Amino acid sequence: MTARIEHLVTSGTFSLDGGTWDVDNNVWIVGDDSEAVVIDAAHDADAIAEALGGRTLLAIVCTHAHNDHIDAAPALAARTGAPILLHPDDLPLWKQTHPDRLPDGELSDGRRLAVAGVELTVLHTPGHAPGAVCLHAPALGTVFTGDTLFQGGPGATGRSFSHFPTIVESIRSRLLALPAETVVRTGHGDSTTVGAEAPHVQEWIDRGH
């Protein structure tokens, strides 16, 4: 079977630094008719499990550990037996949401995850969070960027554990080095392409996002 990308939008809240906001999150499923991985198990384990159907879930991949991207991960793992994977630099954030349930495995820069005949390569892209990662799938012409890069610029860096110069460097060195036609599938909102965002780096820096 040929690997495909499926997209779910789930709704809930994001909480950090004493504030709470309503958010809609993108949940990405990469796989075929028999197996899949989930990127960012946000808000609604039931909806994600329903979208998976009877497929084997190989992994629940966390682009970072803000609560809105991981709140449904333990419940989905309990239902499916799939391991939760997170970059270790985001463990302090993870523990704010799930103090009694650690991830099952580590995402390290350069690690490759195989599903349905394609590979997702982990790119460590700190800035929005210390352990933020993106997942590049060359065979699918796409990169899953979580909250590192959006249509229109980098993810927010105004809260704890984030740093604007770091996210700009991550985007510049890791993401803008990808082919211009690479589709950027984000943690919230609409997709874009590497080529559409690349010309605007100086604008982001000038406005200090």
Side-chain angles (χ1 to χ4, degrees), residues 8-30 36-49 52 57-113 120-135 144-150 154-167 169-171 174 185-188:
L8 216 64
V9 177
T10 58
S11 300
T13 58
F14 164 56
S15 299
L16 189 66
D17 296 344
T20 297
W21 301 265
D22 292 327
V23 285
D24 296 326
N25 284 62
N26 294 327
V27 179
W28 301 99
I29 300 173
V30 182
V37 299
V38 164
I39 299 170
D40 288 344
H43 307 308
D44 193 337
D46 291 340
I48 300 168
L52 286 166
L57 185 58
L58 301 180
I60 300 164
V61 182
C62 307
T63 61
H64 62 295
H66 284 153
N67 73 289
D68 57 317
H69 292 258
I70 61 167
D71 49 4
L76 187 62
R79 287 177 68 143
T80 61
I84 299 169
L85 306 180
L86 177 75
H87 193 284
D89 287 357
D90 258 21
L91 273 175
L93 274 167
W94 172 276
K95 289 175 180 175
Q96 290 186 9
T97 303
H98 301 302
D100 302 319
R101 167 51 159 112
L102 289 175
D104 302 295
E106 294 187 353
L107 294 173
S108 54
D109 188 62
R111 179 174 176 179
R112 296 183 177 185
L113 306 172
L120 307 176
T121 300
V122 176
L123 309 175
H124 182 211
T125 51
H128 181 70
V133 301
C134 299
L135 297 135
F144 301 93
T145 57
D147 288 0
T148 294
L149 178 62
F150 292 104
T157 53
R159 302 191 183 98
S160 298
F161 301 97
S162 63
H163 189 243
F164 180 72
T166 301
I167 200 172
E169 182 54 31
S170 289
I171 293 168
R174 307 307 303 275
R185 299 179 196 268
T186 60
H188 308 270

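Keep in mind the model is a prediction, meaning the values are calculated, not measured. Counting begins at 1 with the first residue of the sequence.
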Practice task
Evaluate the side-chain proximity of Asn25 to His188: yes if any heavy-atom separation is below 4.5 Å, no if none is.
Solution key: yes
Practice task
Check whether the side chains of His163 and His128 place a donor and an acceptor atom closer than 3.5 Å, and report yes or no.
Solution key: no
Practice task
Mind checking the SG-CG spacing from Cys134 to Leu107? Nearest 0.5 Å is all I need.
Solution key: 11.5 Å
Exercise for the section: Would you mind reporting whether Leu102 and Leu91 have side-chain heavy atoms less than 4.5 Å apart? Expected result: yes
Handout entry: Side-chain donor-acceptor pair present, Thr20, Ser15, cut-off under 3.5 Å
Key = yes
Practice task
Grab the two heavy atoms, one from Cys62 and one from Leu86, that are nearest each other, plus how far apart they are.
Solution key: CB-CD1, 3.7 Å
Problem - Ile29 CD1 to Leu8 CG distance, which is reported to the nearest 0.5 Å - result: 5.5 Å
Practice task
Test Leu120 against Val37 for side-chain contact (heavy atoms from CB on, under 4.5 Å), laying out the working first.
Solution key: CA-CA 10 Å; Leu120 307 176; Val37 299; 3.8 Å; yes
Practice task
Kindly write out the residues that satisfy side chain to side chain donor-acceptor pair (under 3.5 Å) with Arg111, not counting sequence neighbours, or none if the list is empty.
Solution key: none
Problem - Residue pair Pro154 / Phe164, side-chain heavy-atom distance below 4.5 Å - result: yes
Practice task
Take Asp40 and Val61, measure what side-chain contact (heavy atoms from CB on, under 4.5 Å) needs, and give me the verdict at the end.
Solution key: CA-CA 6 Å; Asp40 288 344; Val61 182; over 6 Å; no
Exercise for the section: For Asn67 and Thr13, indicate whether the former's side chain and the latter's backbone hold a donor-acceptor pair under 3.5 Å. Expected result: yes
Practice task
Say whether, by atom type as modelled, one donor and one acceptor occur between the side chain of Asp90 and the main chain of Ala65 under 3.5 angstrom.
Solution key: yes
Practice task
Verify the distance criterion only: is there a donor paired with an acceptor across the side chains of Asp147 and His69 at less than 3.5 Å?
Solution key: yes
Practice task
Not counting sequence neighbours, list each pair that qualifies as a side chain to side chain donor-acceptor pair (under 3.5 Å) and has a residue in residues 77-87.
Solution key: Asp46-Arg79
Handout entry: Distance-only donor-acceptor check, side chains Asp68 and His43, under 3.5 Å
Key = no
Fill in the blank from the handout: In Thr121, Val122, Thr145, the residue satisfying side-chain contact (heavy atoms from CB on, under 4.5 Å) with Leu135 is Val122
Problem - Side-chain heavy atoms of Ile70 within contact of Leu93, under 4.5 Å - result: no
Problem - Donor-acceptor contact below 3.5 Å, side chain Trp28 vs main chain Thr186 - result: yes
Fill in the blank from the handout: Smallest heavy-atom separation, Leu52 atom then Ala36 atom, equals CD2-CB, 3.9 Å
Problem - Whether His66 and His64 hold their rings parallel, tilted or perpendicular, with breakpoints at 30° and 60° - result: perpendicular
Practice task
Without swapping roles, check the side chain of Asp44 against the backbone of Ala47 for a donor-acceptor pair under 3.5 Å.
Solution key: yes
Handout entry: Any donor-acceptor N or O pair under 3.5 Å, side chains Asp24, Ser11
Key = yes
Exercise for the section: Work out which heavy atom in Ala42 is nearest to a heavy atom in Ala72; give both atom names and the distance. Expected result: C-CB, 4.0 Å
Exercise for the section: State the CD-CG distance between Glu106 and Asp89, to the nearest 0.5 angstrom. Expected result: 9.0 Å
Exercise for the section: List the steps, then state whether side-chain contact (heavy atoms from CB on, under 4.5 Å) holds for Ile48 with Val38. Expected result: CA-CA 8 Å; Ile48 300 168; Val38 164; 3.8 Å; yes
Practice task
Please tell me if the side chains of Ile39 and Thr63 come closer than 4.5 Å, counting only heavy atoms from C-beta onward.
Solution key: yes
Handout entry: Flag, side chain of Thr166 to backbone of Pro126, donor-acceptor distance under 3.5 Å
Key = no
Problem - Chi angles and distances behind the side-chain contact (heavy atoms from CB on, under 4.5 Å) call for Val133, Leu123 - result: CA-CA 5 Å; Val133 301; Leu123 309 175; over 6 Å; no
Completion exercise
dist Thr125:OG1 -> Ile167:CD1 (nearest 0.5 Å) comes out at 7.5 Å
Handout entry: salt bridge (charged side-chain N to carboxylate O under 4.0 Å, His left out) evaluation trace for Lys95 with Asp100
Key = CA-CA 8 Å; Lys95 289 175 180 175; Asp100 302 319; over 6 Å; no
Handout entry: Any Arg101 side-chain heavy atom under 4.5 Å of Ile84 side chain
Key = yes
